[in-house]
2 protein chains.
Amino acid sequence: MARGRPRKTDPEAALQDIVRVFWEKGFEGASLSDLTAASGMAKPGLYAAFGDKQAMYAKALTHYFNGISGSPLADLVNSSDPLRDVLRRYFVSIVETARDPTTPSGCFVVNSLIESGSMPAALVALSREFDRRRRDAFRTRLRAAQQAGELAPGTDADALADFFSSQVLALAVMVRADTEFDAVMRTIDVALSALPGRPAPDRPD
Amino acid sequence: MARGRPRKTDPEAALQDIVRVFWEKGFEGASLSDLTAASGMAKPGLYAAFGDKQAMYAKALTHYFNGISGSPLADLVNSSDPLRDVLRRYFVSIVETARDPTTPSGCFVVNSLIESGSMPAALVALSREFDRRRRDAFRTRLRAAQQAGELAPGTDADALADFFSSQVLALAVMVRADTEFDAVMRTIDVALSALPGRPAPDRPD
DNA sequence: ATCAAATAGTACCGACCGGTAATAATTCGG
DNA sequence: CCGAATTATTACCGGTCGGTACTATTTGAT
C-alpha cells in the first residue's frame with residue numbers, strides 16, 4: 001500500500017513516550033534530545049509527525065487528558081455507584097498512578113498549570129481548559145448526587161464540587177512531592193468526611 | 001570604611017527581585033538574563049554575591065520561606081486566636097497574596113515541588129524540606145488545639161493537620177491557575193467545615 | 001598624588017537549545 | 001529493474017544558555 005520506506009516507530013506509540021517526558025520534566029525542562037531518546041524517532045521525524053515543540057506538548061497534554069486522566073473522570077461522571085465510593089475511587093486512582101514506578105507522579109495537567117509562568121500562552125490556555133473540564137465534571141456529578149438525594153438537604157452542591165475538585169490539585173502536588181502514603185490517605189478520608197453517611201470506610205488497600 | 005567602588009545595588013534588595021523571578025518562572029524558566037534585568041546587577045555581580053544559579057535559587061527559596069511564606073506560618077503557630085479564625089486567616093492570606101498584582105501568584109515552594117522533575121536534586125530536597133516544615137507547623141497547631149479542647153473529642157489531630165496542610169497546596173494551584181475568586185473562597189469554607197463550631201462565617205472580604 | 005581594593009561592565013567561552021536542509025536508505029508501482 | 005515516494009539519518013544553522021576572564025571605573029587609605 002504505502003509506497004515509501006516503512007516507519008521505524010509508530011507515531012501513536014511515540015506519543016505515549018512523549019507524554020511521559022513532558023509529564024515528568026515539563027515544557028521547558030524537556031529537551032528535544034529527551035524526546036528523541038524516549039520516542040525512538042529522530043528530530044525531523046518528530047517534527048514531521050507532530051509539528052514543533054509547542055504542538056508536541058499540546059498533543060501530549062490532550063492525549064493525557066483524554067486517556068490517562070480521562071477514564072477515571074468518565075467513571076466519576078458515569079458511574080452509578082454511591083457518591084462517596086466513586087469519589088474515593090477517583091482519589092485513590094491518583095495515588096495508585098503515583099505509586100506505579102512506570103509513570104511519572106502527579107497530574108500532568110496540574111504540573112502544566114503551575115508551569116504557566118514560562119510557557120507559551122496557547123499552552124497555558126489549553127491547560128486551563130482541561131482544568132475547567134475536570135471541575136465541570138465534578139459539578140455535574142455533585143448536582144446529580146443532589147438530585148438523587150445523596151446530599152444533606154440544603155447543601156450547596158456546586159461549592160462541594162469545587163471543594164472536591166480542588167482536592168485533586170492537593171493530591172497531585174502531594175504525590176509529586178513524595179508525601180508519605182499514609183498522610184495522603186488520611187487527607188482523602190478527611191476530605192470525604194464532608195459528605196453525609198458513614199464516616200471513614202476501612203481502607204481496601 | 002569600605003575601600004572600593006560603592007555598590008550600585010544592594011544585594012539584599014536584589015535578592016527580593018530574584019525571588020520574584022524564580023517564583024514566577026521557575027528554575028529552568030528563569031534565565032540569567034531575566035535575573036540581571038530584574039536585579040539590576042550584571043552577571044558577574046550576581047555570581048560574586050550569590051554563587052551559581054543553583055545557589056541563587058536556594059537562597060531565593062529560603063528567603064521566600066523565611067519571609068513571605070514564613071510570617072503567616074508563624075502567625076498560624078503562635079496566634080492564640082480560635083483555630084478556625086487562624087486557619088481562615090492563613091488561607092485567605094494565600095488568596096490575598098495572589099490578588100496582589102506586584103507579586104507572582106501561587107506559592108513558590110509548591111511551584112518548586114512540582115518542577116522537581118527538571119531540577120537539581122539538592123533543590124528538590126530543599127523544597128521538600130520547606131514543605132515538611134509547613135506540614136509540621138500545622139501539626140503543632142492542631143495538637144495544641146486538641147489540648148485546648150477546640151476539637152471534637154476523639155478527633156485525629158494529625159489527620160486533620162495533614163488535611164489542612166494539603167489545602168494550602170490546592171489553594172496555591174488554584175490561584176496560580178487563575179481560578180475564579182468565588183470558587184476559591186467556597187473551597188476554603190467547605191474545608192473549614194471539617195471543624196466543629198459555627199459553620200461558615202460571613203466573609204469579611 | 002598614588003596605590004590598593006572593591007565593584008561595574010564588556011566580551012567571550014563551550015555547550016546545548018529548537019528547528020531545518022540535504023542526503024541516504026528502503027519500499028512499491030510500473 | 002527502474003524510478004517515484006516515503007521515511008531515516010546526518011549534519012548543520014543561528015541563538016541562547018550558564019558561567020567566567022578581563023578590563024574599566026570609582027572609592028578610601030597613605
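To find a chain, count down the sequence lines: A is the first, B the second, and so on, and within it residues start at 1.
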Participant: Picking from D/dG19, D/dT25, C/dG18, which would you name as closest to the side chain of A/L32?
Facilitator: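 Closest nucleotide to the A/L32 side chain: C/dG18.
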Participant: Does C/dC16 have OP1 or OP2 under 4.0 Å away from a side-chain N or O of A/S31?
Facilitator: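 Checking A/S31 against C/dC16: no side-chain N or O falls below 4.0 Å of OP1 or OP2.
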Participant: How is A/A30 classified with respect to the nucleic acid when contacts are heavy atoms under 4.0 Å: base, sugar-phosphate, or nothing?
Facilitator: sugar-phosphate
Participant: Let me know which of B/L15, B/L35, B/L61 forms a side chain to side chain contact (heavy atoms under 4.5 Å, CB included) with B/M56.
Facilitator: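 Output: one option passes, namely B/L35.
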Participant: Counting side-chain heavy atoms from C-beta on, which of D/dG19, C/dT10, C/dG19 comes nearest to A/D52?
Facilitator: C/dG19
Participant: For the pair made of CE in B/M41 and C1' in D/dG19, what is the distance, rounded to whole Å?
Facilitator: 15 Å
Participant: Report the residue from B/L171, B/L169, B/D131 that forms a side chain to side chain contact (heavy atoms under 4.5 Å, CB included) with B/V110.
Facilitator: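 Going through the options one by one, the only one that passes is B/L169.
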Participant: Nearest whole angstrom, please: distance from the P of C/dC16 to the NZ of A/K53.
Facilitator: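 That distance rounds to 15 Å.
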Participant: Please report the C-alpha distance between A/R20 and A/T103 in whole Å, then the side-chain angles of each, then the deciding distance to 0.1 Å, and finally whether the side chain to side chain donor-acceptor pair (under 3.5 Å) criterion is met.
Facilitator: CA-CA 7 Å; A/R20 289 180 36 178; A/T103 66; over 6 Å; no
Participant: Establish, with yes or no, whether the OP1 or OP2 oxygen of C/dA8 is under 4.0 angstrom from a side-chain nitrogen or oxygen of B/K8.
Facilitator: no
Participant: Is the A/F22-A/Y57 ring centre distance short of 6.0 angstrom?
Facilitator: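 Yes, ring centres under 6.0 Å apart.
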Participant: So, OP1 or OP2 of C/dT7: does either fall under 4.0 Å of a side-chain N or O from B/R7?
Facilitator: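 Answer is yes, contact under 4.0 Å.
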Participant: Looking at D/dT10, D/dT20, C/dA8, which one has an atom nearest to any side-chain atom of A/A42?
Facilitator: D/dT10
Participant: Could you state the atom-to-atom distance from CZ of B/R5 to P of C/dT7 in whole Å?
Facilitator: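 To the nearest whole Å, that distance equals 11 Å.
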Participant: Using whole Å, what does the distance between atom C1' of nucleotide C/dG18 and atom OH of A/Y57 come to?
Facilitator: 17 Å
Participant: Measure the distance from CZ on B/F50 to C1' on D/dG19 and round it to the nearest whole Å.
Facilitator: 16 Å
Participant: Begin from the C-alpha positions of B/D34 and B/S31 and carry the test side chain to side chain donor-acceptor pair (under 3.5 Å) through to its verdict.
Facilitator: CA-CA 5 Å; B/D34 295 328; B/S31 70; 3.2 Å; yes
Participant: Which nucleotide in the list C/dC12, D/dA24, D/dT9 gets nearest to the side chain of B/K43?
Facilitator: C/dC12
Participant: Using whole Å, what does the distance between atom C1' of nucleotide C/dG18 and atom CE of A/M56 come to?
Facilitator: 9 Å
Participant: Does a nitrogen or oxygen in the side chain of A/Y47 sit under 4.0 Å from OP1 or OP2 of C/dG18?
Facilitator: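 Negative; the distance criterion is not met.
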Participant: Which comes earlier along DNA chain D counting from the 5' end, the contact point of B/S33 or that of B/P6, where each point is its nearest nucleotide?
Facilitator: B/S33
